[in-house]
Each structure stands twice: as structure tokens, then as C-alpha cells.
Amino acid sequence: MRKVIFLDRDGVINQFPGYGKYVTSWQEFRFIERSLKALERLASAGYEIFVVSNQAGVGRGIYSKEALEEITRNMLDALEERGITLKRVFYCTHRPDEGCACRKPGTLFFEQVLKDYPDVPKDEIFMVGDSDKDIVAGKRIGIRTALVMSGQVRVYDPKEWPENYRPDLVCADLLDFVEYRLGGA
Ligand SMILES: [Mg+2]
Ligand SMILES: [Zn+2]
């Protein structure tokens, strides 16, 4: 069976730029060291890795689409050097007020991917993210969800989360998740 995983970018793969802030250039992009190890493990276990990221800073005119593309190119190159291939990186560059279907917790990109994996049971697929939007998106599409504490949300208090939108797992970071999922340390 094919293995599929969805990851958020900021706060999961690279360091969270701060609430309401954006990674506007490659110079500002910092990998989370432990996440590189996690990605290596996912890649060598045969996972097809999809990144789904909200980048409303583009829609707000804070950085350009070209700048975002440059960040992506550099990120993909750096990962390839470690033998990590990301299957596809999806960005929503709309502002929240544009009401698009692709901005998480919207599920458009997830639906597009899942169409190609009709045989993979949804409970075998995780969305790993650092914010409520990531978790709600995953829940809406019916896959499992893991909240990591390496980004926006630093403390998980279930009382602050609607019952039907609570993460299935709470992990310190992506490597913690991978160790749970794939076993071993
Ligand atoms: Mg994030
Ligand atoms: Zn969008």
C-alpha cells in the first residue's frame, strides 16, 4: 500500500516565524534540525510527502509569489541533498477575506491529493501541523491529525479545542511524531 502524509510547513518543517509573521525570503527560512531527521525517516520509509501551507503574506503584498517560489526551490534543493523528495508543495496565497477553498482549514488541496489515493484508508493518513487550522482541515477531510508543539501552539489544552476538532495526537515535534508512527528512536 502506498503511504501518504500531509505536513504543514511553518512550525513543522521550518521554524515558526511568529504569530502574524511570515517567512519572506530564503534568508529567513530555518529548518528545524530534528524535522530534517524526521523527513529522512519518512522518505526512507517510502512516504509520499505533501506540504500544504497557508501563505497569505503573498495576498497581502508582504512578499511576492516569486519570493515564495525561491524559498520553495531552495527548500526542495536542500532536502534533495539529503535524499528527501517532497511529492508536492501546495500554497494558498489568498488573504483570509478572499474566502477561497484552499486556505486551511479549507480542504481543497487535500481533496485534490486524496483523489489520487482512493485505495489508501483515510485512517492511515496523517496531517501534521502546528495550528488549529491544520487540525481542523485534517478532521474535515476525515484523516488523522497530529498537533506538534514546535510552532504556533506551544501548550495543548483540550478545553480550548472544540471536541470534534481535537488532534488525534499531540507531539513535541515532527521527529516525535515520526518515532511514534514508525517506531523506535
Ligand atoms: Mg504552521
Ligand atoms: Zn486559497
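Counting convention: from 1, in listed order, for ligands and their atoms alike.
- Each protein N/O/S atom under 2.8 Å from the Mg ion (ligand 1) was counted, for a total of 3.
- A 4.5 Å side-chain heavy-atom check between Val23 and Glu28 finds at least one atom pair inside the cut-off.
- Distances from the Zn ion (ligand 2) to the N/O/S atoms of His94 are shortest for ND1.
- Listed by chain and residue number, Tyr22, Ala56, Ile62, Arg95, Pro96 satisfy the side-chain contact (heavy atoms from CB on, under 4.5 Å) test with Arg60 (two or more places apart in sequence, or in another chain).
- Angle SG(Cys100) to the Zn ion (ligand 2) to SG(Cys102), rounded to 10°: 120°.
- Counting only residues at least two apart or in different chains, ring pair (Phe, Tyr, Trp, His ring centres under 6.0 Å) contacts with residues 71-116 comprise Phe6-Phe110, Phe90-Phe109.
- When every heavy atom of Leu147 is checked against every heavy atom of Ser131, the shortest pair comes out as CD1-N, 3.9 Å.
- Ring pair Phe177/Tyr180 is tilted by interplanar angle, where 30° to 60° counts as tilted.
- Checked by atom type, the side-chain pair Asp10/Gln152 shows no donor-acceptor distance below 3.5 Å.
- Checked against side-chain contact (heavy atoms from CB on, under 4.5 Å), Gln15 has the following partners two or more places apart in sequence or in another chain: Arg30, Ile32.
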